[in-house]
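Everything on this sheet refers to the single structure shown next.
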Protein chains: 2
Amino acid sequence: MDESTKVIMTLAKTAAKLTKSLDRCLSLHGISFSEYLVLDTLSQEPSKTMSRIALAESINLTASGVTRMLNPMEKLHLIEKEKNVRDARISLVKLSETGEEVYRDATTTLSQRANSQTAGLDKGEIKQLVRVLGKIN
Amino acid sequence: MDESTKVIMTLAKTAAKLTKSLDRCLSLHGISFSEYLVLDTLSQEPSKTMSRIALAESINLTASGVTRMLNPMEKLHLIEKEKNVRDARISLVKLSETGEEVYRDATTTLSQRANSQTAGLDKGEIKQLVRVLGKIN
DNA sequence: GATCAATACTTGACTAATCAAGTAAGTATC
DNA sequence: GATACTTACTTGATTAGTCAAGTATTGATC
């Protein structure tokens, strides 16, 4: 097995383990890691608002995956629906006040876990890793 | 967001995209990436044989996940069931001839994809990446 | 050698996501 | 302004996995 294949396999396995661990730790806040990704993505938008398609794109899900995922999140008031005045096809998703709160709390928990997961790495390795991961694909 | 959190998020997102892409390319061989992991894990055993629990451990799945996953793989004759003479609780999984063939062919496809995914990285970065990923968790 | 606990599964009920097909709205063309 | 195409979803059916509970077998203890 060549080095490229090895790195891809290692990456896949490492990430699978890692996200399961994140899932477990985020469950304290009543959300999954995928749901965290939604909150995270929305919170990075200045308007805290996005279309479902844009959201799907950014978290690597299909449009239908997003629809299914947002339904329970809306019931929990983590997000709100808004209409786009210009285009009635678009259903905008907005991060709610509650959603922002949950996001902040969850981020604290997640960061702690992330820090312990990367405890064996020094600062340089972490920076390098972010940089190199960005070059994949 | 600190660097540790950032690297974990980047890792999760990169890997998610990556494995979906691998899934699509492996579908040419009629298997998913998870199924490839089974074949890969078994093929690395000298006896090409493992218990279901050991397999579950190695691919980060639950025992029941393994049971569900192996059923269709057995019907396709990718694997075979064997009994452990010493311990009747254990149901051994063996990589079949067909399974080895599919594994070899799938590996070719997967390696090509892995190479294109890591085309932007030089040899040193790849080695470094494998090394650093091993230190996570 | 009976009993109790642990191990290695399997199964039923459920969740998360996919795909294919459908709907509704917008865009372009004649 | 009708026709055809595209976009932004939503929904039904299916697949992959989880967890909790159940079964069978083994090992340990009295």
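The analysis underlying the following values was restricted to heavy atoms, covering all of them including side chains, and did not include hydrogens, waters or symmetry mates. Proteins get letters first, then strands, A, B, ... in listed order; numbering begins at 1 in each.
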Contact class for A:S91 vs. all strands (heavy atom < 4.0 Å): base, sugar-phosphate, or nothing? sugar-phosphate
How long is the line joining CD1 of B:I90 and C1' of C:dT7, in whole Å? 9 Å
Take atom CG of A:D23 and atom P of C:dT15, then tell me their distance rounded to the nearest Å. 15 Å
Which one, D:dT7, C:dT10, D:dT25, comes nearest to the side chain of A:R89? D:dT7
Base-contact (B) and sugar-phosphate-only (S) positions in nucleotides 12-17 of chain D, heavy-atom cut-off under 4.0 Å, - elsewhere: BB---B
How about A:D105 and A:T108: does a side-chain donor come under 3.5 Å of a side-chain acceptor? no
Show the numbers, then the answer: is there a side chain to side chain contact (heavy atoms under 4.5 Å, CB included) between A:I31 and A:L78? CA-CA 10 Å; A:I31 58 174; A:L78 297 171; 4.0 Å; yes
Rounded distance in Å - NZ (B:K81) to P (C:dC9): 11 Å
Quick one: pull up CE in A:M9 and CG in B:L133 and give me the separation to the nearest 0.5 Å. 13.5 Å
Euclidean distance, atom CD1 of residue A:I59 to atom C1' of C:dT18 [Å, nearest integer]: 14 Å
Write down the distance between CZ (A:R86) and C1' (D:dA8), rounded to a whole number of angstrom. 18 Å
Rounding to a whole Å, what distance do you find between A:L92:CG and D:dC9:C1'? 12 Å
Measure the distance from CZ on A:F33 to P on C:dA17 and round it to the nearest whole Å. 12 Å
Contacts to DNA chain C from residues 44-55 of chain B, heavy-atom cutoff under 4.0 Å, which residues? B:S51, B:R52, B:I53
Test item: side-chain donor near acceptor, A:N115 and B:S4, under 3.5 Å: yes
Gap between atoms CG and C1', on B:L70 and C:dA8 respectively (whole Å): 14 Å
Heavy-atom side-chain proximity of A:K94 to A:M50 below 4.5 angstrom: no
Looking at B:D40 and B:Y36, would you say the former's side chain and the latter's main chain have a donor-acceptor pair under 3.5 Å? no
Would you kindly say whether B:S21 and B:Q117 are connected by a side-chain donor-acceptor distance under 3.5 Å? yes
Assign B:A63 to base, sugar-phosphate, or nothing according to its heavy-atom contacts below 4.0 angstrom with the strands shown. base
Steps toward side chain to side chain contact (heavy atoms under 4.5 Å, CB included) verdict (A:Q128, B:Q128): CA-CA 9 Å; A:Q128 169 81 348; B:Q128 169 81 349; 4.1 Å; yes
Any A:M69 side-chain heavy atom under 4.5 Å of A:E35 side chain: yes
